[in-house]
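Remember, it's 1-based here, ligands and their atoms both numbered in the order they're listed. This is a predicted model, so every value here is computed, not measured.
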Amino acid sequence: MPGSQELPIIWHPSPNFGERPADSTIDMLVLHYTGMPSGEMALERMCDPASQVSAHYMIEEDGCIYQLVAETKRAWHAGRGQWRGCSDVNSRSIGIEIVNPGHEFGYRPFAVQQIDALKALCKAILARHDIPAHHIIAHSDMAPDRKEDPGELFPWQQLAAEGIGLWPDEEAINPPSKTEKTAENTDQSTYHDDQVSTAIAAGEHYPPQNTAALSESDAGTHRPNPAEDATSSKHEHTDCEALFDSLLLQFGYGPGDPIHNRVAFQRHWRPSCLNGHADAQSIAILKDLIAQCPPTA
Ligand SMILES: [Zn+2]
């Protein structure tokens with residue numbers, strides 16, 4: 001019987017799977033929410049041959065774990081998309097569906113016993129397979145144009161605290177000194193002050209000719225007329241977006257709609273702010289995460 005010996009797991013086989021390619025290794029873990037009114041309905045759908053969807057596991061809100069597909073087989077959960085250059089995520093991954101009605105049917109916080117079961121399952125999976133932290137992703141990370149799951153209520157930080165997945169250093173989230181000011185700033189859509197030049201200096205893909213405009217707007221003595229000011233601010237905004245977008249590609253997101261990439265990133269690593277803006281904190285978090293990863297090929 002497939003699955004872990006220590007964990008109580010209910011074998012509930014689905015016909016929706018295939019063979020993994022002969023040369024493939026399992027090195028990714030994709031987390032989902034079911035996005036259906038009930039767990040029963042999700043289980044039924046994933047076992048219906050007509051649906052052509054499945055996952056290796058499904059975890060009910062009460063913490064009950066079902067296994068639908070053996071880990072050695074290729075389940076059909078990820079679909080179209082990519083992560084860190086891999087566009088056949090199903091062949092390399094294990095997929096876990098976590099029961100939650102999702103944004104369509106009444107998105108709600110995940111139950112404690114459900115997350116406890118998930119943590120235990122993930123630890124068992126990580127003990128069996130060599131899955132690096134940067135390969136533990138949301139469905140929305142590999143398919144940001146189509147998917148939102150498991151969503152901004154999912155406790156990624158809690159999982160990371162137990163060695164499951166990436167999380168930024170506290171320093172990157174709450175940098176010391178002047179950043180209190182940033183946190184209170186209601187307009188978080190753009191960089192301000194020297195954070196701009198720091199970020200720009202660190203961004204390799206950044207067009208350097210634009211730093212002049214930014215430095216100018218930083219100078220307190222310079223008082224441009226409103227038209228100039230608007231232009232300069234717009235440059236700053238656009239440049240930060242370009243930096244954010246290129247860092248997202250560097251981190252692992254695919255070349256889809258940049259706004260979708262930004263929101264998917266925030267949903268996972270900055271869930272308090274899903275505006276898709278290239279604000280200082282989002283960029284700081286992203287840079288910290290990139291520093292924790294090996295370079296993409
Ligand atoms: Zn999904």
Side-chain angles (χ1 to χ4, degrees), residues 12 14-18 20 26-61 65-69 71 73-84 86-111 114-115 117-119 121-122 125 131 134-156 159 164-166 252-254 256-257 260-269 271 274:
H12 192 288
S14 164
N16 300 334
F17 67 88
R20 294 187 188 269
I26 296 168
D27 66 354
M28 300 178 91
L29 181 58
V30 183
L31 304 188
H32 305 255
Y33 66 44
T34 49
M36 294 186 74
S38 74
E40 292 80 18
M41 288 170 75
L43 200 56
E44 194 178 323
R45 177 159 188 262
M46 288 193 282
C47 293
D48 175 0
S51 75
Q52 299 278 295
V53 296
S54 64
H56 294 90
Y57 299 96
M58 188 189 90
I59 306 183
E60 262 290 4
E61 291 188 298
I65 304 173
Y66 295 90
Q67 182 164 14
L68 291 77
V69 175
E71 290 181 3
K73 302 297 183 186
R74 182 178 181 275
W76 302 338
H77 58 97
R80 182 168 41 85
Q82 66 165 276
W83 184 251
R84 290 177 76 86
C86 170
S87 55
D88 181 7
V89 174
N90 280 337
S91 285
R92 286 171 54 174
S93 65
I94 288 175
I96 304 177
E97 288 280 355
I98 303 148
V99 173
N100 190 299
H103 293 87
E104 195 177 345
F105 295 104
Y107 192 40
R108 58 190 181 219
F110 294 85
Q114 186 181 34
I115 295 303
L118 174 67
K119 287 174 185 168
L121 176 60
C122 287
I125 291 169
I131 301 177
H134 56 274
H135 278 186
I136 300 176
I137 55 169
H139 196 193
S140 53
D141 291 322
M142 52 103 10
D145 295 335
R146 304 185 293 121
K147 297 293 178 180
E148 299 181 314
D149 63 310
E152 61 277 7
L153 295 178
F154 186 77
W156 289 105
L159 266 69
I164 305 158
L166 278 183
Y253 287 89
D257 183 334
H260 292 169
N261 282 353
R262 292 180 212 155
V263 174
F265 173 79
Q266 290 174 333
R267 233 183 253 292
H268 187 151
W269 284 286
L274 301 181

For N/O/S atoms only: which one belongs to [X] and is nearest the Zn ion (ligand 1)?
| X | value |
| --- | --- |
| H139 | ND1 |
| H32 | ND1 |
| D149 | OD2 |

Backbone or side-chain N/O/S of E97 under 2.8 Å of the Zn ion (ligand 1): no
Whether W269 and Y253 hold their rings parallel, tilted or perpendicular, with breakpoints at 30° and 60°: perpendicular
Test side-chain contact (heavy atoms from CB on, under 4.5 Å) applied to H12 and L43, V69, I65, the passing residue: L43
Flag if over 12 foreign heavy atoms under 6.0 Å of CD, Q52: yes
Salt bridge R108-E61, side-chain N to carboxylate O under 4.0 Å: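 A salt bridge links R108 with E61.
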